[in-house]
A.B. asks: 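First the structure, then my questions, so here it is.
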Number of protein chains: 2
Amino acid sequence: MIRLADVGKSYQKGDAPPVHALRQIDLELGQGEMAAVVGPSGSGKSTLMNVLGLLDRPDQGCYQLEGQDVSGRSGDELAALRNRKIGFVFQSFYLLPRATAAENVELPLLYRDRSQMRRHALRALEEVGLGDRADHRPGELSGGQRQRVAIARALVNDPQLILADEPTGNLDSAVSESILSLFLELHRRGRTVLVVTHDEEVARCAERRIHIVDGRIVSDQRTDTR
Amino acid sequence: MIRLADVGKSYQKGDAPPVHALRQIDLELGQGEMAAVVGPSGSGKSTLMNVLGLLDRPDQGCYQLEGQDVSGRSGDELAALRNRKIGFVFQSFYLLPRATAAENVELPLLYRDRSQMRRHALRALEEVGLGDRADHRPGELSGGQRQRVAIARALVNDPQLILADEPTGNLDSAVSESILSLFLELHRRGRTVLVVTHDEEVARCAERRIHIVDGRIVSDQRTDTR
Ligand SMILES: Nc1ncnc2c1ncn2[C@@H]1O[C@H](COP(=O)(O)OP(=O)(O)OP(=O)(O)O)[C@@H](O)[C@H]1O
Ligand SMILES: Nc1ncnc2c1ncn2[C@@H]1O[C@H](COP(=O)(O)OP(=O)(O)OP(=O)(O)O)[C@@H](O)[C@H]1O
Ligand SMILES: [Mg+2]
Ligand SMILES: [Mg+2]
């Protein structure tokens with residue numbers, strides 16, 4: 001489903017030495033796999049997710065998504081592909097501050113299924129325990145509630161590929177566990193799930209563990225979860 | 001140092017039943033104490049921190065900070081008091097997006113000690129492992145790096161009262177531990193530290209554990225950490 005070959009990405013800041021956020025990344029993720037991405041703060045995990053989620057382009061190497069080279073595509077083509085296939089939970093949520101939780105969750109459906117938009121959005125919010133917060137705007141929600149709205153929005157479209165960048169950082173263990181079950185259930189139903197996490201409880205539930213340090217993949221192991 | 005008596009805070013949203021974010025909160029924190037605040041997502045922890053940090057006023061009850069009633073004060077008086085005495089690490093960071101990490105950390109010093117501003121800011125950034133990111137703007141930093149800039153900014157003024165709202169949610173365990181050591185060191189030097197956290201490793205290092213559920217303190221226990 002996903003194939004990164006020799007992918008690199010660097011940032012140049014003034015005359016400081018360049019920051020190599022990703023270096024020589026080779027990564028293959030098959031349809032229906034579930035993997036955890038772990039590594040120190042600043043090691044390149046979100047950068048990797050942004051490349052996979054078609055939000056950012058690598059400076060080097062190439063990216064094939066479902067067999068098609070996406071490195072060369074236009075901004076519009078990428079946006080359409082992204083909206084159809086990928087559900088992205090951002091590390092910093094990126095909710096629209098003046099829209100309610102339900103309106104935020106409806107956003108991905110604007111392009112697809114307007115008829116049942118409200119109903120799907122409400123159901124997605126219930127799945128993350130926020131059925132009674134549908135009309136609250138982000139400023140009227142707790143940190144962990146905003147995080148859950150971001151999760152609901154990523155899943156409402158039932159995407160084939162789920163990219164979750166630290167989805168439980170603001171959640172207590174009980175809610176964290178329910179979010180993890182949600183991802184495991186999607187995996188069970190055949191979705192491809194990639195979760196960046198600093199939470200060992202989350203990481204150990206994935207069947208594969210990709211460890212990133214300083215922009216490189218230092219290990220990529222199947223784990224024996226069950 | 002801190003005394004909350006029968007503090008309450010509610011939010012009214014249209015004709016939905018009011019959200020009682022805080023109810024009948026009685027809390028005393030002595031100078032030099034260190035406590036962890038734990039509880040489910042949405043239970044009222046950040047609301048409590050905002051009241052303690054003079055960012056929000058309770059609807060009921062009163063708040064004494066160092067023996068002075070602060071419930072009745074003006075906005076300006078509160079701002080001055082807050083800047084002098086309190087270092088606040090926000091759950092969602094609130095960094096200025098167009099200022100560099102160093103400039104963000106310097107902000108509290110604008111009111112106090114401009115002569116050594118840059119030097120203090122750089123040292124605070126080094127203490128959280130970001131000495132080499134001083135000139136990056138928040139958009140050029142990872143999530144965990146932004147969190148650490150927020151921590152550095154809260155501590156640069158050497159405040160008497162440190163309020164940290166989920167300071168390690170975006171950090172790997174190694175960096176998390178170093179931040180925790182930082183807080184423990186400040187506590188050892190006599191500062192009063194209150195940390196909201198979902199991380200059990202952090203919570204267990206505090207000498208006291210305050211458990212909040214549905215806006216109420218359900219337990220408040222000394223823990224035997226050492
Ligand atoms: N626009 C930019 N310009 C310069 N450096 C950048 C830029 N964006 C990111 N970086 C740097 O790239 C590195 C990787 O960032 P990334 O966000 O991928 O880290 P991460 O592994 O997700 O970290 P965290 O666990 O803290 O979220 C960081 O060291 C960061 O400072
Ligand atoms: N302006 C507001 N209007 C209505 N409800 C609000 C408002 N602000 C917060 N709330 C509600 O108050 C409750 C407490 O919020 P608070 O941010 O204190 O929770 P928290 O314990 O910090 O949660 P988390 O662990 O998720 O950060 C939440 O249920 C939230 O939905
Ligand atoms: Mg990240
Ligand atoms: Mg909170």
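Numbered from 1 within each chain, the chains take letters A, B, ... in sequence-line order. When reading the values below, keep in mind they use all heavy atoms of this one structure, side chains included, and skip hydrogens, waters and symmetry mates.
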A.B. asks: So which part of Val38(A) gets closer than 4.5 Å to some heavy atom of chain B, the side chain, the backbone, both or neither?
C.D. replies: neither
A.B. asks: At a 4.5 Å cut-off on heavy atoms, which part of Ser92(A) comes close to chain B: side chain, backbone, both, or neither?
C.D. replies: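 Just its side chain gets close to chain B.
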A.B. asks: Look at Leu141(B), Val175(B), Val19(B), Thr47(B) and state which one has the largest set of heavy-atom pairs under 4.5 Å with chain A.
C.D. replies: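 Option with the greatest count: Val19(B).
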A.B. asks: For the residue pair Lys13(B) and His136(A), what are the closest heavy atoms and their distance?
C.D. replies: CE-CA, 3.5 Å
A.B. asks: Look at Pro40(A), Ser46(A), Ala16(A) and state which one has the largest set of heavy-atom pairs under 4.5 Å with chain B.
C.D. replies: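 Of the candidates given, the most pairs with chain B belong to Pro40(A).
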A.B. asks: What's the shortest heavy-atom distance between His198(B) and Asp172(A), and which atoms?
C.D. replies: ND1-CA, 3.2 Å
A.B. asks: Between Asn170(B), Thr197(B), Asp135(B), Asp165(B), which has the largest tally of heavy atom pairs under 4.5 Å with chain A?
C.D. replies: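 Between Asn170(B), Thr197(B), Asp135(B), Asp165(B), the count favours Asn170(B).
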A.B. asks: For chain A, which candidate among Gly14(B), Gly143(B), Ser173(B) shows the most heavy-atom pairs at distances under 4.5 Å?
C.D. replies: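 Ranked by heavy-atom pairs under 4.5 Å with chain A, first place is Gly143(B).
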A.B. asks: Among Ser43(A), Gly42(A), Ala174(A), single out the residue with the greatest number of heavy-atom pairs under 4.5 Å to chain B.
C.D. replies: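 Greatest number of close heavy-atom pairs with chain B: Gly42(A).
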A.B. asks: Which atom names give the shortest non-hydrogen contact between Gln91(B) and Gly144(A), and what distance separates them?
C.D. replies: NE2-N, 4.0 Å
A.B. asks: For Glu177(A), does the CD atom have more than 12 heavy-atom neighbours from other residues, nucleotides or ligands under 6.0 Å away?
C.D. replies: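 For Glu177(A), atom CD is not crowded (no more than 12 foreign heavy atoms under 6.0 Å).
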A.B. asks: Apply side-chain contact (heavy atoms from CB on, under 4.5 Å) to residues Arg148(B) and Ser41(A) and explain how you reach the verdict.
C.D. replies: CA-CA 10 Å; Arg148(B) 285 182 273 161; Ser41(A) 171; 2.8 Å; yes
A.B. asks: State the OG-CD distance between Ser142(B) and Glu166(A), to the nearest 0.5 angstrom.
C.D. replies: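 Answer rounded to 0.5 Å: 8.5 Å.
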A.B. asks: Relative to chain B, which segment of Glu140(A) carries a heavy atom at a distance below 4.5 Å: side chain, backbone, both, or neither?
C.D. replies: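 Only the side chain of Glu140(A) comes within 4.5 Å of chain B.
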